[in-house]
Engineer: 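Take this structure first; my questions come after.
Computed from a predicted model, the values in this text were never measured in an experiment.
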Amino acid sequence: MLQARHLAAVPFENLSVHLREEIVLDERRLADKIVERGRGGFCYELNGAFAALLTSLGFTVAFHEARVLDADGRPGIPYDHMALRVDTADGTGPWLADVGFGDHARFPLLLDGRGDQRDPGGLFRLVPGPADGELDLLRDGTPQFRLDTRPRALSDFEAGCWYHRTSPGSHFTAGLVCSRFTEDGRITLSGRRLVTTVRGERAERALESDAEVLDAYRAHFGIALEKVPEAAVFTAGGPATP
């Protein structure tokens, strides 16, 4: 499955936010970042580029706006998250594809399915949301995000992307993260902490030197950096500072 292969190969990361790199929601530039520069990104980038790949392979793809739900079911900002509807030529689906939600479903979910859908990532279920055209995605009974099933354009997500790369209220500005699925778990570099999960067993260790951090980015995520990225500080009404 393309989604599972993508999740294992392309990291979910927010380095551009803290390195003050420009993020442009253009399919060609997003694909160039991942393919030519060997980087990853967050939802707008990963799903934007994945949509371009799927379209080139003959799938019909639509962008959908979603709002991340907290544990109490409260939604985040509009255009908080981007997900994809994928229609296939053989008439199966439609599918909810998503390579930009971090630790999530390994395989696409049936968008029209309302029963439990088992995945290596957990037990997923899509249920009607509070408004017409909305669906709430649950994982093991816990709310994940609220999907608006109306199709959107890639450019519609620019405001959400801007918020998440500039606002102190965004979890993406809170610290550095780089993560991907592995064959038997997940590996994450959070600042200088390397966390590995293998068949449900979690291990964590601190990386003491800059060389160790750079080696971890290169060995585990294929990201070659000249220097160790440092988390920026974001303030309301002002630019990020070192």
Engineer: For Ala83, is there any backbone N or O sitting under 3.5 Å from a side-chain donor or acceptor partner on Asp98?
Structural biologist: no

Engineer: Check this for me: does any side-chain nitrogen of one of Arg150 and Asp148 sit under 4.0 Å from a carboxylate oxygen of the other?
Structural biologist: yes

Engineer: Can Thr88 and Asp90 be said to form a side-chain hydrogen bond (donor to acceptor under 3.5 Å, both in side chains), step by step?
Structural biologist: CA-CA 5 Å; Thr88 62; Asp90 62 9; 2.5 Å; yes

Engineer: With distance as the sole test, does Asn14 use its side chain to make a donor-acceptor pair with the main-chain N or O of Gly175 at under 3.5 Å?
Structural biologist: yes

Engineer: What is the ring orientation for Phe145 with His81, classed by angle as parallel under 30°, tilted 30 to 60°, or perpendicular over 60°?
Structural biologist: tilted

Engineer: Decide, yes or no, whether a salt bridge links Glu22 with Arg29 under the criterion of side-chain N to carboxylate O below 4.0 Å.
Structural biologist: yes

Engineer: Do the side chain of Asp136 and the main chain of Val127 share a donor and acceptor less than 3.5 angstrom apart?
Structural biologist: no

Engineer: Quick check on Arg218: does its CZ atom have over 12 non-hydrogen neighbours (other residues, nucleotides or ligands) under 6.0 Å away?
Structural biologist: yes

Engineer: Does a side-chain heavy-atom distance below 4.5 Å link Leu189 with Leu176?
Structural biologist: no

Engineer: How would you list all residue pairs meeting ring pair (Phe, Tyr, Trp, His ring centres under 6.0 Å) that involve residues 173-231, not counting sequence neighbours?
Structural biologist: none

Engineer: Considering non-hydrogen atoms only, spot the tightest contact between Leu7 and Ala105 and give its length.
Structural biologist: CD1-O, 3.5 Å

Engineer: Aromatic contact between Tyr79 and His164, with the criterion being ring centroids under 6.0 Å apart: yes or no?
Structural biologist: no

Engineer: Hydrophobic clustering (ILVMFWY, side-chain heavy atoms < 4.5 Å, transitive) - are Leu57 and Leu154 grouped together?
Structural biologist: yes

Engineer: Among the clusters formed by ILVMFWY side chains lying less than 4.5 Å apart, do Val99 and Phe172 turn up in the same one?
Structural biologist: yes

Engineer: What I'd like to find out is whether the side chain of Ser16 reaches to under 4.5 Å of the side chain of Arg165, using heavy atoms alone.
Structural biologist: no

Engineer: Okay, side chain of Glu45, backbone of Phe42: is any donor-acceptor separation there less than 3.5 Å?
Structural biologist: yes

Engineer: Could you check whether Arg67 pairs with Asp80 (Lys NZ or Arg NE/NH1/NH2 to Asp/Glu carboxylate O, under 4.0 Å)?
Structural biologist: no

Engineer: Is there a side-chain contact between Tyr163 and Ile77, using heavy atoms and a 4.5 Å cut-off?
Structural biologist: yes

Engineer: Taking all heavy atoms of Arg106 and all of Thr182, pick out the closest pair and write down the distance.
Structural biologist: NH2-O, 3.5 Å

Engineer: Without swapping roles, check the side chain of Asp184 against the backbone of Arg199 for a donor-acceptor pair under 3.5 Å.
Structural biologist: no

Engineer: How long is the gap from CE on Met1 to CZ on Phe107, to the nearest 0.5 Å?
Structural biologist: 7.0 Å

Engineer: Would you check if Asp32 and Arg37 make a side-chain contact, meaning some heavy-atom pair closer than 4.5 Å?
Structural biologist: yes

Engineer: Using every non-hydrogen atom in the two residues, find where Thr173 and Ser170 come nearest and quote the distance to one decimal.
Structural biologist: OG1-O, 2.9 Å

Engineer: Using a 4.5 Å cut-off on heavy atoms from C-beta on, say whether the side chain of Asn47 contacts that of Phe63.
Structural biologist: no

Engineer: Strictly distance-based, threshold 3.5 Å: is any side-chain N or O of Arg114 a donor or acceptor partner for the main-chain N or O of Leu111?
Structural biologist: yes

Engineer: Measure the shortest side-chain to side-chain distance between Phe50 and Leu2 over non-hydrogen atoms and say whether it is less than 4.5 angstrom.
Structural biologist: yes

Engineer: Does the plane of the ring in His18 sit parallel, tilted or perpendicular to the ring in Phe234? Use 30° and 60° as the thresholds.
Structural biologist: perpendicular

Engineer: Find out if a path of hydrophobic residues (ILVMFWY) with successive side-chain heavy-atom gaps under 4.5 Å connects Leu147 to Phe157.
Structural biologist: no

Engineer: For the hydrophobic clusters of this structure (ILVMFWY residues joined by side-chain heavy atoms under 4.5 Å, transitively), does one cluster hold both Phe101 and Leu137?
Structural biologist: yes

Engineer: Would the distance check show the side chain of Ser209 and the main-chain N or O of Glu212 forming a donor-acceptor pair, the cut-off being under 3.5 Å?
Structural biologist: yes

Engineer: Looking at Asp210 and Arg192, what are the two nearest heavy atoms and their distance?
Structural biologist: OD1-NH2, 2.5 Å

Engineer: For Gly133, is there any backbone N or O sitting under 3.5 Å from a side-chain donor or acceptor partner on Thr149?
Structural biologist: yes

Engineer: Is any side-chain heavy atom of Arg146 less than 4.5 Å from a side-chain heavy atom of Pro130?
Structural biologist: yes

Engineer: Has the side chain of Thr188 got a donor or acceptor atom that lies under 3.5 Å from a matching backbone atom of Val195?
Structural biologist: no

Engineer: If we ignore hydrogens and angles and just use 3.5 Å, is the side chain of Asp70 paired with the main-chain N or O of Asp72 as donor and acceptor?
Structural biologist: yes

Engineer: Side chains of Trp95 and Leu110: does their closest heavy-atom pair fall under 4.5 Å?
Structural biologist: yes

Engineer: Closest heavy-atom contact between Pro11 and Ile223?
Structural biologist: CG-CD1, 4.0 Å

Engineer: Same cluster or not: Leu84 versus Leu109, using hydrophobic residues (I, L, V, M, F, W, Y) connected whenever any side-chain heavy atoms lie under 4.5 Å apart?
Structural biologist: no

Engineer: Does Asp116 have more than 12 heavy atoms from other residues, nucleotides or ligands lying within 6.0 Å of its CG?
Structural biologist: yes

Engineer: If every non-hydrogen atom of Ala97 is compared with every non-hydrogen atom of Gln3, which pair is closest and at what distance?
Structural biologist: CA-OE1, 3.3 Å

Engineer: Mark yes when over 12 heavy atoms from residues, nucleotides or ligands other than Arg152 sit less than 6.0 Å from its CZ; otherwise mark no.
Structural biologist: yes

